[in-house]
Protein chains: 2
Amino acid sequence: MRRKEPDSCGFAAALQAIGGKWKTSLLWELHLRPYRFAELRRLLPGVSEKVLTQQLRQMEADGLISRRVYDEVPPRVEYSITPLGFSLNDAVTVMSAWGKHHETWKSQREAA
Amino acid sequence: MRRKEPDSCGFAAALQAIGGKWKTSLLWELHLRPYRFAELRRLLPGVSEKVLTQQLRQMEADGLISRRVYDEVPPRVEYSITPLGFSLNDAVTVMSAWGKHHETWKSQREAA
DNA sequence: AGAAGTACGCACCTTGAGGTAAGCTATCGC
DNA sequence: GCGATAGCTTACCTCAAGGTGCGTACTTCT
């Protein structure tokens, strides 16, 4: 999907914030507890390092998560969810519930 | 965004159903009242006929809207929302509310 | 000495949603 | 006959998200 125009509607903005392929998963994992970069890689099998970095940075810019760098060696970076990110997770959960409802509906229709 | 894998999470299914560029707008318009094809074209400036047809067909396949053909000449087709589509519109509204909240948050941050 | 882990950046390529333009069937108005 | 309208279908093109792979600076493990 293309996301460019403001669309006047707030949904476009929400989609802009969560539209990435891995963002919902990241949001879900981080809402449980903070994680380090390499831990997130392991949690999301199939994500490339480039894209993981990208999406984390975008979510940080959107204020959904915060990034904390510890000046140690070897380097350590921890990502954690913000209150705003937590509220988005709630909204996503509503959509997710509808999705499950929809899947039920579909399997019922296919059975008919 | 790519939408392929089931993802175990229902959110992917919901996104699959609503992910198209015009689907939320269509859902919104049709939740007000039924419309004909050409009316929807006029309501969504910029949509091409091909894509409008595509998205309407997909939404019909997902059970979000129903398509009624009147065997007249010139041909007449009316699209209306289903109860399932209506429930999705509610879920979308929650996300939309978050989007507005997020925009407020962003403009506050930029002001700082 | 060499391998491996950490948290990336950069260059290139693939893929599919969406856009563009044309055609198609049939009727009505001029 | 000529164009307009309604509701599509088909073929082709574009463009950005995401994937692949390599490079990096530093350290610890073996």
Side-chain angles (χ1 to χ4, degrees), chain A residues 1-7 11-12 14-27 29-30 34-62 65-80, chain B residues 1-5 7 11-27 29-30 34-62 65-80:
Chain A
M1 187 184 350
R2 308 289 175 77
R3 296 180 239 21
K4 265 196 277 194
E5 50 271 69
D7 233 34
F11 186 80
L15 212 53
Q16 170 80 27
I18 206 58
K21 182 172 177 181
W22 306 95
K23 287 187 182 176
T24 47
S25 307
L26 286 171
L27 203 66
E29 299 295 349
L30 290 174
Y35 280 106
R36 301 182 54 181
F37 185 86
E39 290 174 326
L40 291 172
R41 276 207 67 183
R42 283 187 282 269
L43 283 170
L44 307 185
V47 69
S48 68
E49 300 190 349
K50 189 200 76 169
V51 175
L52 182 54
T53 309
Q54 256 181 23
Q55 311 229 332
L56 286 169
R57 291 288 158 85
Q58 287 171 18
M59 291 171 75
E60 191 198 1
D62 281 329
I65 60 176
S66 65
R67 178 169 179 274
R68 176 140 186 221
V69 184
Y70 296 83
D71 196 8
E72 300 176 354
V73 74
R76 186 155 74 98
V77 183
E78 259 194 12
Y79 297 91
S80 54
Chain B
M1 188 184 348
R2 309 289 175 78
R3 296 177 241 12
K4 265 193 281 194
E5 50 272 67
D7 234 32
F11 186 81
L15 211 55
Q16 168 82 26
I18 207 58
K21 180 172 178 181
W22 306 96
K23 287 186 183 176
T24 47
S25 308
L26 286 170
L27 204 65
E29 299 297 348
L30 290 174
Y35 281 106
R36 298 182 54 181
F37 185 86
E39 290 175 325
L40 291 170
R41 276 208 67 182
R42 282 188 283 270
L43 284 169
L44 308 185
V47 69
S48 67
E49 301 190 347
K50 188 199 77 167
V51 175
L52 182 53
T53 309
Q54 255 180 27
Q55 311 228 333
L56 286 169
R57 292 289 158 84
Q58 287 171 19
M59 290 171 75
E60 192 198 358
D62 281 331
I65 60 176
S66 65
R67 179 169 179 272
R68 175 141 185 220
V69 184
Y70 296 82
D71 195 8
E72 299 175 354
V73 74
R76 188 154 73 97
V77 184
E78 259 193 13
Y79 296 91
S80 53

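So that the names make sense, note that chain A is the first sequence line, chain B the second, and so on, each numbered from 1. The structure displayed is predicted, hence computed values, not measured ones.
- Remark: B:Ser48 engages no residue in a side chain to side chain donor-acceptor pair (under 3.5 Å) (not counting sequence neighbours).
- Shown here for B:Tyr79 and B:Leu30, the closest heavy-atom pair between the two residues is O-CD2, 3.3 Å.
- Listed pair A:Tyr35 / C:dA7 fails the phosphate criterion, with no side-chain N or O lying under 4.0 Å from OP1 or OP2.
- Between B:Leu27 and B:Met59, some side-chain heavy-atom pair lies under the 4.5 Å cut-off.
- Atoms CZ (B:Arg76) and C1' (D:dC8) sit 17 Å apart, rounded to a whole Å.
- Listed candidates were C:dT6, C:dA7, D:dG19. Nearest to the side chain of A:Arg67 is C:dA7.
- Straight-line distance from the CD1 atom of A:Ile18 to the P atom of D:dA17: 16 Å, rounded to whole Å.
- End-to-end axis angle of the helix from C:dA1-D:dT30 to C:dC30-D:dG1, from C1' rotation axes over five pairs per end: 20° (rounded to 10 degrees).
- The separation between A:Arg68 atom CZ and C:dA7 atom P is 15 Å, rounded to whole Å.
- For B:Thr53, there are no side chain to side chain donor-acceptor pair (under 3.5 Å) partners, not counting sequence neighbours.
- For B:Arg36, the side chain to side chain donor-acceptor pair (under 3.5 Å) test picks out no residue, with sequence neighbours left out.
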Check nucleotides 28-30 of chain D against the protein and report each pair of N or O atoms closer than 3.5 Å, with its distance, or say if there are none.
none

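- Only one option out of B:Leu40, B:Val51, B:Leu52 pairs with B:Trp22 in a side-chain contact (heavy atoms from CB on, under 4.5 Å); it is B:Val51.
- For the contact set between residues 43-57 of chain A and DNA chain D, defined by any heavy atom under 4.0 Å, the members are A:Ser48, A:Lys50, A:Val51, A:Gln55.
- When rounded to the nearest whole Å, the span between CD of A:Glu39 and P of C:dT6 equals 9 Å.
- Residues passing the side chain to side chain contact (heavy atoms under 4.5 Å, CB included) test with A:Pro75, sequence neighbours excluded: none.
- Whole-Å rounding puts the A:Leu15 CG to C:dA17 P distance at 15 Å.
- A:Gln54 pairs by the side chain to side chain donor-acceptor pair (under 3.5 Å) definition with nothing, not counting sequence neighbours.
- The phosphate of C:dT6 (OP1 or OP2) has no side-chain N or O of A:Tyr70 nearer than 4.0 angstrom.
- For B:Thr24 against B:Ile18, the heavy-atom pair with the smallest separation is CG2-CG1, 3.5 Å.
- One interatomic measurement links the two molecules: CG of A:Asp71 to C1' of D:dT27, which rounds to 14 Å at whole-angstrom precision.
- Listed by first then second residue, pairs satisfying salt bridge (charged side-chain N to carboxylate O under 4.0 Å, His left out) with a partner in residues 42-62 of chain B read B:Arg41-B:Glu49, not counting sequence neighbours.
- Summarising the geometry, the separation between NZ on A:Lys21 and P on C:dT15 is reported as 13 Å, rounded to the nearest angstrom.
- Of all heavy-atom pairs between B:Pro45 and B:Leu43, the closest is CD-O, 3.1 Å.
- As rounded to whole Å, 14 Å separates atom C1' of C:dA4 from atom CZ of A:Arg41.
- Closest approach of A:Arg68 and A:Tyr70 over heavy atoms only: NH1-OH, 3.8 Å.
- The side chain of B:Arg36 places no N or O atom within less than 4.0 Å of a non-bridging phosphate oxygen (OP1 or OP2) of D:dC8.
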